[in-house]
Amino acid sequence: MTWQADADAAVLGQLLSTFDHAPVWRQAQAPHNTKTVVGHVRNFGSAETEVVASYGIDGVEIICRAKDFTVPPMKFDRFTIGHLVYTAADVKEQRGFQNQLLVYRIFCKGK
């Protein structure tokens, strides 16, 4: 294992193992897969003006481990965390040092 792979594993371990909110993913398109994935919900800060302008002050970013998905998440997929339901507006890939897909960053609009 190279130092890049070690660094990628450390990022995943640090980011998601400590702050797992266990979002339940529901695919918008058929076959409507549903699965609990490892993920963290992050609220936007007031200093993030571009993000707040795009998704609203009560929008969120859900950061999910990529290997948990059977297919990549897409716009209009839903994520349930507790009693809150979020709908994906944008999905971005985050790659590691070895260009391996590590996480999906799912941006959801607020109300």
Side-chain angles (χ1 to χ4, degrees):
M1 196 180 258
T2 64
W3 72 268
Q4 292 102 337
D6 290 340
D8 289 347
V11 166
L12 276 178
Q14 184 68 19
L15 179 65
L16 295 175
S17 65
T18 307
F19 300 108
D20 181 19
H21 293 118
V24 177
W25 165 64
R26 178 162 173 77
Q27 190 178 18
Q29 297 179 352
H32 303 293
N33 289 328
T34 301
K35 184 176 183 186
T36 300
V37 296
V38 173
H40 173 68
V41 177
R42 185 182 79 81
N43 295 313
F44 302 134
S46 59
E48 297 177 276
T49 54
E50 291 179 10
V51 178
V52 168
S54 295
Y55 303 106
I57 192 67
D58 55 347
V60 298
E61 176 185 12
I62 304 172
I63 304 165
C64 296
R65 187 170 59 189
K67 73 177 186 177
D68 292 345
F69 292 89
T70 53
V71 296
M74 300 178 69
K75 186 174 185 174
F76 302 120
D77 285 0
R78 293 188 179 239
F79 292 83
T80 304
I81 301 164
H83 66 281
L84 300 172
V85 178
Y86 300 100
T87 302
D90 290 306
V91 179
K92 307 289 184 192
E93 295 180 348
Q94 186 76 44
R95 297 190 173 268
F97 289 105
Q98 296 185 307
N99 202 31
Q100 180 182 14
L101 181 59
L102 295 180
V103 297
Y104 289 109
R105 298 174 65 202
I106 299 114
F107 293 91
C108 304
K109 289 189 177 190
K111 296 185 172 31

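Values below: every heavy atom of this structure, side chains too, minus hydrogens, waters and symmetry copies.
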With side chain to side chain contact (heavy atoms under 4.5 Å, CB included) as the test, would you mind laying out the steps for Glu93 and Tyr104 before giving the verdict?
CA-CA 5 Å; Glu93 295 180 348; Tyr104 289 109; 3.8 Å; yes

Using side chain to side chain contact (heavy atoms under 4.5 Å, CB included), reason through Thr70 and Trp25 one step at a time and then give a plain yes or no.
CA-CA 11 Å; Thr70 53; Trp25 165 64; 3.8 Å; yes

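From Thr80, atom OG1 reaches atom CZ of Arg26 across 9.0 Å, with rounding to the nearest 0.5 Å. A distance of 9.5 Å separates NZ of Lys67 from CD of Gln100, quoted to the nearest 0.5 Å. For the atom pair CG (Asn43) and CD (Glu48), the distance works out to 10.0 Å, reported to the nearest 0.5 Å.
Ring pair His40/His21 is parallel by interplanar angle, where below 30° counts as parallel and above 60° as perpendicular. Between Phe79 and Phe69, the angle of the ring planes goes over 60°, which puts this pair in the perpendicular group of the 30/60° scheme.
Hydrophobic clustering, with ILVMFWY side chains joined whenever heavy atoms are under 4.5 angstrom apart, groups Val41 together with Ile106. Under a hydrophobic clustering in which Ile, Leu, Val, Met, Phe, Trp and Tyr are joined whenever their side-chain heavy atoms come within less than 4.5 Å, directly or via other members, Met74 and Val91 fall into different clusters. The cluster map of Ile, Leu, Val, Met, Phe, Trp and Tyr, joined by side-chain heavy atoms under 4.5 Å apart, puts Leu101 and Val37 in the same cluster. Both Phe44 and Ile57 belong to a common hydrophobic cluster when Ile, Leu, Val, Met, Phe, Trp and Tyr are linked at side-chain heavy-atom distances under 4.5 angstrom. A single hydrophobic cluster is not seen to contain both Val60 and Val24; linkage of ILVMFWY side chains at heavy-atom distances under 4.5 Å, directly or through other members, places them apart.
A donor-acceptor contact shorter than 3.5 Å is absent between the side chain of Lys109 and the backbone of Ala89. In this structure, Asp77 contributes its side chain and Ala28 its backbone to a donor-acceptor pair below 3.5 Å.
Proximity of Ile62 to Cys108: side-chain heavy atoms (C-beta onward) are separated by under 4.5 Å at one or more points. Counting only heavy atoms from C-beta outward, the side chains of Cys64 and Pro23 approach each other to under 4.5 Å.
For Lys75, the NZ atom sits in a loose shell: 12 or fewer heavy atoms of surrounding residues, nucleotides or ligands are nearer than 6.0 Å.
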